[in-house]
Structure formats: structure tokens, C-alpha cells
Amino acid sequence: MTDHATSPARPRRWPYILPLAVVLALGGVFAKRLSDISGGYDPLVIPTVLLSTPAPEFDLPPLPGYGDALTTADLKGKVSLINIWGSWCAACTVEHPLLMEIAKSGELPIYGIAWRDQPDRSIAWLERHGNPYTKIGQDPKSQAIIGLGVVAAPESFLIDKEGIIRYKVAGIITREEWREKIQPLIAELSK
Amino acid sequence: MIIELGHFALALSLAVALIQSSVPLIGAARGNVAWMNVARQAAVLQFVLIAFAFATLIHAYVTSDFSVVGVYQNSHSAKPLIYKISGVWGNHEGSLVLWVTILAVFGALVAVLGRNLPPALRARTLAVQGMISLGFIAFILFTSNPFTRLFPTPEEGNGLNPILQDPGLAVHPPMLYFGYVGFSMAFSFAVAALIEGRVDAAWARWVRPWTLAAWLSLTLGIGLGSWWAYYTLGWGGWWMWDPVENASFLPWLTGTALLHSAIVVEKREALKSWTILLAIVTFSMSLLGTFLVRSGVLTSVHAFASDPTRGIFILMLLGIAIGGSLTLYAIRAPQMDGGGIFAPISREGGLLINNLLLTTACATVFLGTLYPLITETLAGGRISVGEPYFNAVFIPLMVPLFLLMGIGPLLAWKRGDLGGALTRLKVAAGISVGAAAVTMLVAGFALADIGGAFGIAMAAWLGASTLIEWGERVKFGRSGSWSRIVNLPRAAYGMTIAHFGMAVLIFGVSGASAWKTESIQVQAPGETVQIAGYGLTFKGVEELPVDNYTAERATIEVKRGDNIVAVLHPERRTYVQPPTQTTFSSIHTTYASDLLTTLGEAEGENGAYVTRFYHEPLVPFLWYGILLMFFGGIVSLTDRRHRVGAPRRAPASAAMPVPAAAE
């Protein structure tokens, strides 16, 4: 260790300890996060507090040429799926064929939220790939997104007749998950 | 059998790393030369062993040996050879082997090239390097073994994600890793200096070439990644502030700061503890960049599959490396700075401001990347931080940096003359204002063009002042200027080229952000669409079976006036294994702007398709800028003073360098 007594103009120590303190604090946060994850917390799954709660209030402007505005009121009365997408989202293109099939089957309405996108790009994307959405709301400023706790697009929420969130898929909905988890849930909720 | 030998070699290298990280350290503490020299032999042996292990892995991929789990999961026999090889590092386990291989390359280079380093410093540096190896080889062997066998042996592999099957992306990870891992040298030198308790001008000169080598690899690596995103993702974007992109950008920012602060240590023996801290932080950022996304702590679309056991191991490794070095720093660094007071208006003052701006920029990007995670973990709420945040905080930090980049090099050491420098830069200011005026004139005085014009003014300012500085240095146009041009140190040329490259890059970014236009439509065969003075005629789509995918290949004729300037072929590819679709854009470049075309889905029965066209003005300058910066780094690296053999622990003489041929 160093000799504290000899140097009269000893430099202040705290600036040199500061980086270590910052790293230790960050390390603590990371460690807590990891222990949360190994304790069964999945960062991609919506916090359980939101599950079984009403979808947060929103009122999103319409996409020109694609119907009216999308509001929380639309979610009432029928089981529906909210899908968050964007023309910039490569994974959404992968998910898209399944959404088209669902839309074609008429199983339930799919409400699209065009997240952080420019209207002309959203429209171009829909023209290019096809439109599976019953209604579309634009959310360029993440107004509804934050309330829904979305981490990344695509994300989807299954909403029951009362407008309560019943299920969430972070990322692409796989056919397996659709068949084995979501469809049975829809059947149950539609009773 | 071969793969088992590889596994064995890697296990053996763990033992060698153990020796390399302990024996030389004891030798250096006791002044035992023989023990210190163990470091060099161990570093070379380590390289041989790890390189062999890596080679066996490549062999397994090239020969499609599906009895190896990793090969089965990530390769396919129908894949072209280059993607079989790049598949080695297209997954978590293999990329780690690449990581430690590069680490061993750097260790062996120091052992071989560092003959003139003081033995104690070399021994300690290599020992620290050995500790890093030790940690990561253990990580591979205990949690991420790429040599695991599979029984029964499957007939065919799962294939590599087609979006990764791209020449740009085959080279991108190794380049990036050379950058990340290269900063381990600066880190090892810094920790060795902390153990020694001594930093001086000679130390700075030894560290600089390694930092420079890492920096230029990282520059090119980031550039390649960005270029790949630009031409494959097909919407003409080149930077998205995604966590993984940010992770590569963070060490670039602090690494750039480190390059500049090391100059101050070398010339003025100031900023010593700051430089040490930057070396530690830069490598820490590299570690975070490579590993944080894999630990499961941070989630990203790019991430390899994560698993909490690995996460805990990684976190412990990072904790030991970063926490350990910073503890040593807290103990030793206060004694290092002698004096340290210098005039604010001087070359070193300028470099200090450069450092402050770069590290602040790094801190803001770091915060933006981790903030959602921190608030979520501590407060439970969720927020998302996106492009608007980064643009809002990052650009205002870059503007003063670019202004300063023009002035700084004209200031003298110790006591600069700001007035004099500004007087000499009058021309640059004039050119800058002129460039903005011309831009506005051409663009038509719209309010929306102000941002672009401002960017171009910045680029002109930086470009002009960089050239003026060079002109002043060689006393351009006066007698003897030719010999001064020839004899100017390569490091000076390196700076001029890299700074000019930055100006070119700003030019490209400004143009691409301000004047991009796009057009999206359904086109039937024979229909023509106008964009940015081009007429694009859609000629139809044909289906082509290629090795491992089927392509729908469009033919689009590009006309300017009545002349056909290009025929473009954007594609949609459907891969055989795994079955996935990707788009492949086709670009017509005038070398000053790009016309990017992509093909969408078929519409209706008459052969019509959705087509998307983007006109991207000045985007090529983005790539030229990055290449110039890379080239500037190379030129600087070849400077005789930076060559590892050249520096001595003696006051640096300011004499003209001897031409290289004299050696």
C-alpha cells in the first residue's frame, strides 16, 4: 500500500475511486437482473402486473386511407389481438404471413399499432406485404407503447371482451405458440 | 478425432495461460530475468495451441462434420465454402474461440515484436494478457464448449441464418473482434504500468501502436457492419442505435479519446492517470460490447442465445477484470500525475477538450443503452430509449468536437495562440460558410434543408482546416516545401488523412440524412417510375435456383434522360435450409450518390411486383470517410516512431525521421 504520511500535498483520492464505485453500482444492477432472470423472470415477458389488467388507455391517430383512429374503446366487446409493428422492423416481415392467415380466417380482429414509423413508410409496407389489420393506429411517439411495456417490435397482446390483457407474445408469434397456446385461449375467452 | 485434439489443445492452453499469468509477474517483482522471460515463451506457445484448436474447429465446419454439435446447429453441407468458414464464428461458442484466438495473436505479437520493451514491463503486460486468456478459455471450456460431440450423427445440419450469409458479414465479426481484443493490449499495458507504478513518455509510445491497430480494425469493423445493414436490410438505413451497434461504438469513442490522450502523455507527460483510466475503460467497453448482450442482461435482436449460468460466469469475469483493474487504479493512480497543470489554450488543452467531449458522448450513449435496463431492474417500470434521444444528445456534442478538430492541430504545445490559429483558419471559415450558401442555393432555400446545409458547412470547415494545417506544416508553395512534404512524419499524415476522412464522413452523413428520397409502388412489367431524375422501368421477374436458395430476380432498367445508365437486379431469396426469406437490394452508384432498389412481393396475376427505390445522395462518402480514417490509421501505424522496436526510454528527440530504407 502507499504511504499516506510523507506527501504533504497528497492528491485527492475520491476522483480515482469514483470509476470503481460506478462499476460496482452497475455490477450490482446487472447481478440483480441476472438473479431475477434465473429466478424465473423473463425480460421479454410482460410484467405480471400488466397481465389480467385492462389495456392502458390510448387514442392513436389513423393511418391515412386505413380507416379510423384506434382507441381503447375498440378493444371492448370482442376478443382481439394487438400487434405492434413497424416498416423498419425486419422480424415483422417474418411474422406477417401468419397474421395474414389469421386475418383471412376471420378468427378475431387484429389491431395494428405502427410504432415509431412514418405514415408513408407504414403504408408502403402494407401495400407491399398486404394488410392483416382491422384497424391501425399510429404511434410515432411511443404513447401507447410505453403503457404496454413493449421492448421491441413485433409484440402482440391478446385482449379479452372486457379489454383486459390476457396474453402477450414478445417477438414473432410462432405457429406452434399460436396453435397450442393462443388459439385455445381465444376459444376459452370467446365463450 | 481431430476435434478432440483441438479440445485438448485448448485445455492445454488454459494451463499455459495459468503459467503466463503468474510466473512472469513473480519474476518481475523479484527481478528474476529467467522467470520474466517465461512470459514470451508462454505467449507464443499459447498462440500455437489456440490457433490449432481454432483450426480444428474450422476443419470440422469445412468438412461438415455434423457429429460436432456446433456444426450441426449452425452449418449445412450445401453452403458455399466461405459461409462454412464464417459459420465458425456465427454462433456463441465459435465466436468465443475466435475471440481468444485474436487475444493470443496479440499476445504473441508483443512477445515477438516487443524485444525493445523493458523486460519487467513486457513480463507484466504479458502476464495481464495471460489473465484475460485464462478467464475466457475457462469460460469456453466450462460453459460454452464448441467441441462437444453429438450422437447419433445427424445426416444434415440446420444451416446458418441466411441473413448472415453475406460477404460483408463474414468479415465483419473478425474485424470487430480485432478491434475489441486489440484494446486488451492497451489495457494490459495500463495494468502493468499500474503494477509498476510508473507511466512515462516511452510507455505512451509503446501503447500507441497497439491502440492504433485496435482502433483502425474497429473503425473498419463498424463500417462493414453499417454497410451490411445499408445494403441488405433494404431500407437504406445505416445506423439504428441498436444496443449491439452501440456496444461497438462505445469502445470506439473511448478508444479514439485514448489515442489522443496518449499523445499528451508522450509529448507533455501529463494526463497520465487519465490515459490509464481510458485504457481500462476502453477495454471494459469492449468486454461489455462482446459479452453483455450474451449474458442475458441486455436483450437485443442481434443477440446469440443467452443462458443465465453463462451470464453469471461472464459477470464474474467482467467484475474481476474491470473491478480489479479499477481497484488497482484507485490505489496507484493518485501518485502518477506530476504537475498536470497546463494552459487551456494549447495543443494539450485542445486534446483535453477532445477527450472530455468524446467521453461525454460515450457516457450518453452508454446511458441511453443501459437506462431502460437500470430503471426496470431498480424501479420495475419500463421505458424505451430510441433514436430521438441519441440524435438529441449526440449531435450537439459532436458539433463542438468537429469545430475543435479544425483548430486543435494548429495550436502549439504548451502555449497556443488561439487568435493566430483562427486567423489562419479564416479561409476555412469562408469555405464553410460558402459551402452552406451553395448548398442552400442548390437545395432551394427550404427550411428543411438547414440541417443538411449545417452539416455540410461542418464538413467543409473540418476538411478545409485539416488541409490548411497540412499546408502550414509543409509551408506549401514556399521553397523546400517538396522535401517537407516527403519528410513529414507518417504519423502527421495519418492525422491529416484520418481527420479529412472524418470530414468526408460528415459530408456523407449530412447528405444522407437531409436529402434521401424514396418511392414505393406496385409496378407491372414495362411500367416506369421517376425518382431523382432517374426513370426506372420494371422489366419483370425470373426465378433462379442457386446452390442453397431460390432467387426471384427482378430486372430494372435505369435511365437518365434517354440513356440507359444501369440495369439492376434486386432479389428476394428463399433459402433451403433453414427455410427463410431475405431480400437483396441492388444499387446503382454514381460514386457520389446511390440509387438503391429492392423487390417486394408479387401483386396480382399480371407479373406486377411491389418495388421500392431509394435515392441516397452522398451516402458513398460515408464509406469513403471510413476508409480514409482506416487508411490514416494504417499510415500512422507505419510511422517509424511507432514501430515497436524504435522507442527508447529516453527523452524523445524531435529530429526528422530517417527514411524507412535506411533501416
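Quantities reported herein were computed from a predicted structural model and do not represent experimental measurements. Just so we're on the same page: letters track the sequence lines, and every chain starts at 1.
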Problem set entry | Minimum heavy-atom distance between R128(A) and L599(B), given as atom pair plus value | NH2-O, 3.4 Å
For residues 319-331 of chain B, run the donor-acceptor check on the side chains, cut-off 3.5 Å, and write out each pair with its distance to 0.1 Å, sequence neighbours left out.
from: S325(B); atom 1: OG; to: A321(B); atom 2: O; distance (Å): 2.8
from: S325(B); atom 1: OG; to: I322(B); atom 2: O; distance (Å): 3.0
from: T327(B); atom 1: OG1; to: G323(B); atom 2: O; distance (Å): 2.6
from: Y329(B); atom 1: OH; to: S273(B); atom 2: O; distance (Å): 3.2

Exercise. Do other residues, nucleotides or ligands put more than 12 heavy atoms under 6.0 Å from D59(A) CG?
Worked result: yes
Exercise. Where does L277(B) contact chain A at under 4.5 Å (heavy atoms): side chain, backbone, both or neither?
Worked result: side chain
Problem set entry | Working for side chain to side chain contact (heavy atoms under 4.5 Å, CB included), residues I314(B) and F30(A) | CA-CA 11 Å; I314(B) 286 175; F30(A) 293 164; over 6 Å; no
Exercise. Which atoms of L26(A) come close to chain B, meaning under 4.5 Å heavy atom to heavy atom: side chain ones, backbone ones, both, or neither?
Worked result: side chain
Problem set entry | Proximal component of L24(A), with respect to chain B [non-hydrogen, under 4.5 Å] | neither
Exercise. Tell me, side chain or backbone of V29(A) under 4.5 Å from chain B's heavy atoms, or both, or neither?
Worked result: both
